[in-house]
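To start, the structure itself, in structure tokens.
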Amino acid sequence: MTTDPPRPPRHPAAPAPDPRGGYSLPAKPKSELPEPPSGPLGTPVLPGVPPDPPEPPYRAAAPDAAGLPDHDRPEPDGGPVGQNQGAALPRRDQRPGEESLTGFVSTPTRGTPIEAAGHPADEESAGMRIPMPAQTGPEADRLRYVGAATRRIARGVDLDEILLGLCRSAVPAFADAILVYLREPLPVGDERPSGPLRLRLRRSDGGLEGPSEADDDAPVGATPLLPALLPTMEPSYGGTGDSIGVLLDGPLAEVLRGVRPVFADSIRAADALAELLGRGDDPIGLPTGRRALLAPLRGRRRVIGAAVLLRRAGRAPFESDDLLVAAQLATHTALGVDKAVLYGREAYIADALQREMLPDSLPQPTGVQLASRYLPAAESARVGGDWYDAIPLPGSRVALVVGDVMGHSMTSAAIMGQLRTTVQTLAGLDLAPQEVLYHLDEQAQRLGQDRMATCVYAVYDPIAHRLVVANAGHPPPVLLHADGLAEVLRVPPGAPIGVGGVPFEAVELPAPAGATLLLYTDGLVESRSRDVWGGIELLRERLHDAASVVSPPPLEPLCDEVLEILGPGDRDDDIALLAARFDGIAPSDVAYWFLEPQAQTPGRARRLVRQALRRWDLEDQLEAAELLVSEIVTNAVRYAERPITLRLLRTDVLRCEVGDDAPLLPRMRHAAPEEEGGRGLYLVNRMAQRWGATRLGAGKVVWFELPL
């Protein structure tokens, strides 16, 4: 019995993918392939499918960057123009990653796979690709040029980047020189400009010193395009020219109101160009006819400037279709300028908001020197939640605070401002550091569920030379001793502000004279390249190195030295830094007494003050000090129930502090002629250099200062 040979499967295996894109058919012997019928010019014809029309026997000339066809410009040395259009040479001022506008005529050849043409595709549709038809001709080239130019202009964020994008897009691909004028001052948003219309030259490019690089026909040693037109301008630089007043009934104002770009081939346009360039009396040297193009720049609401595009005599003049190109460039530039102005205003508001929420200047309390630094994260995130503060407290103490609200936004800055105000209010009540953080945590919970922050709060007493610190999830402080030893303080980390229901703990540490305390946010020590503890160790080493040169190092240069630990890419977060140099107050400059609230107490207080001032050789302040101390002690005796405290401090001023357990703060008033009291604080206000009253947890302190 004979058997038939095995039949091939009805569905053959899928062909292997073609590395050029699409799929390739399996190879067969030539004898097995049927000969398809041939159409005209040898084109294969499939059954039932009409043949394609014949290709034209000529090739369309590809225009160059100026919109001219190939036969109107000389061929480069590499061969006929159009054979290697994709390999356009970059300009000398072209930045890496920028597309060259001089090569906008590049078109993928017919039948090129989608990947090769720069179009995205997935693997599932690889077998169904249809080659993109080639689009050639001046119209397609203008569209490609406008698309590339508008993308370059739109990439700019600030005003300089947008104007630079316009100049690099126009020169030399579209024109040989460009002058960009903007309104002075530029209106912001919907605000109506006041005053007459004035234009200022903000940027120029090309043709101001000599022939353009793209002008191959210009002879060697050709004169500049605009001779002696702008004596104060440099190529590719703007903003230094004088402003030009635009006449309300002049030709320039008429052209600007028309909005559309115009050639300088009419009398009205030529006069407008002469008025803009300031050459009304001497038009020699100005391009005429269709070699000069004036394009108004109109933003969302009004005309904000004008652009002048110029071509040399060796280059073909502008065409009518070039007005559409100039209109597109002017429109995108004007909208970009509007965007840049609005962005600049927002950045200014954000920066002003951040600065207003931070202290303008640090106080100068007795016994401590202060210095601070603040750096925003980046130009695109100018606001954040970092803050620092130094708050004078009763008894010549000072509270040192550094906090960090999570996030970089206006919301974070607003929350930071509220928390900073809360800390100042709580510090004025003279609460313990742990109590301040507890109430601050309650305030953060009232602001919202996701209002998280970290904070470190320290109180320095220059008389006792002690430091009390409480922490809420913040990086620990670093103490630089007078001998150069940098120490990371062991402070309980605590929970961040906003968690709720977590107690805070405070520790008391020695603060010797000459030591420097550094409080900072995590942006100083944490980055993408290192963790927090690695940054803290680097900070400690930097402080030790600074103290090895001079000990103790000056405070302001020390802050700058600390910021140098940041590398070029370490600015991921905003930074707040507060440095405090502990000088302290010597015991010999302090006099302290407890006085019973009795009728004879004011007389005893005067005798004690007299003895202390004579011991300090301050007899010239004796009379004023006795009178003011007597008035304040008399007022305390009237309301106090417990012993009164009297303290004298001799620093750069003579400071007197009287404390009692009465919570009511005294206020100055003008007594009537028939009243016996009410004149004590009036005398204090007239005779003392400064005076004040501070409420304590159990009473108050009234103080005054006399100059030495």
Side-chain angles (χ1 to χ4, degrees), residues 66 149 153 162-184 197-209 212 224-246 250-280 282-298 303-313 315 317-319 322-334 337:
I153 295 172
I162 292 172
L163 298 184
L164 178 62
L166 171 63
C167 293
R168 289 187 172 179
S169 301
V171 178
F174 186 69
D176 290 321
I178 184 173
L179 303 173
V180 184
Y181 292 81
L182 291 182
R183 191 165 190 154
E184 185 75 17
L197 174 60
R198 302 191 66 86
L199 298 179
R200 182 183 296 274
L201 181 62
R202 298 299 296 265
R203 194 165 190 95
S204 62
D205 194 6
L208 293 181
E209 288 188 344
S212 173
L225 181 61
L226 302 176
L229 179 62
L230 303 171
T232 60
M233 294 295 299
E234 295 292 338
S236 300
Y237 183 80
T240 62
D242 296 333
S243 60
I244 301 171
V246 180
L252 180 57
E254 183 180 355
V255 172
L256 294 180
R257 283 193 296 265
V259 177
R260 299 180 182 276
V262 295
F263 295 126
D265 54 355
S266 65
I267 298 178
R268 181 195 61 163
D271 293 342
L273 186 61
E275 180 183 352
L276 178 62
L277 299 180
R279 298 291 293 254
D282 184 17
I284 300 176
L286 293 178
T288 59
R290 294 201 169 189
R291 298 187 183 278
L293 191 153
L294 177 59
L297 303 179
R298 180 176 179 83
V303 174
I304 60 174
V308 180
L309 299 164
L310 305 170
R311 283 187 180 179
R312 295 178 176 276
R315 186 171 180 176
F318 292 107
E319 301 176 0
D322 292 332
L323 292 177
L324 301 177
V325 176
Q328 288 292 323
L329 297 180
T331 299
H332 285 274
T333 301
V337 169

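Residues satisfying the salt bridge (charged side-chain N to carboxylate O under 4.0 Å, His left out) criterion with Arg290, sequence neighbours excluded, are Asp265.
Residue pairs meeting the salt bridge (charged side-chain N to carboxylate O under 4.0 Å, His left out) criterion with at least one partner in residues 250-260, sequence neighbours excluded, are Glu254-Arg268.
With Glu275 contributing its side chain and Leu252 its backbone, the two residues share a donor-acceptor pair below 3.5 Å.
In this structure the side chain of Leu256 reaches within 4.5 angstrom of the side chain of Leu197, judged on heavy atoms. Annotation: side chain of Val337 is not in contact with side chain of Leu297 (no heavy-atom distance under 4.5 Å). Looking at Leu179 and Leu277, their side chains come closer than 4.5 Å, going by heavy atoms from C-beta outward. Between Asp176 and Leu310, the closest side-chain pair of non-hydrogen atoms is not below 4.5 Å.
Rounding to the nearest 0.5 Å places CD1 of Ile178 at 4.0 Å from CG of Leu166. A distance of 6.0 Å separates CD1 in Ile304 from CG in Leu182, rounded to the nearest 0.5 Å. Taking CZ of Phe263 as the start and CG of Leu273 as the end, the distance is 13.0 Å to the nearest 0.5 Å. Here the SG-CD1 distance, from Cys167 to Ile162, works out to 12.0 Å after rounding to the nearest 0.5 Å.
The two residues Leu199 and Gly305 come nearest to each other via the heavy atoms CD2-CA, 4.1 Å. Summarising the geometry of Ala269 relative to Ala264, their closest heavy-atom pair is CB-CA, 3.9 Å, with the distance given to 0.1 Å.
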Please set out all donor-acceptor pairs under 3.5 angstrom arising from side-chain atoms of residues 326-334, sequence neighbours excluded.
from	atom 1	to	atom 2	distance (Å)
Thr331	OG1	Ala327	O	2.8
Thr333	OG1	Leu329	O	2.7

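The aromatic rings of Phe174 and Phe318 sit tilted, their planes meeting at an angle between 30° and 60°.
By the 6.0 Å and 45° rule, Arg198 does not stack over the aromatic ring of Tyr181.
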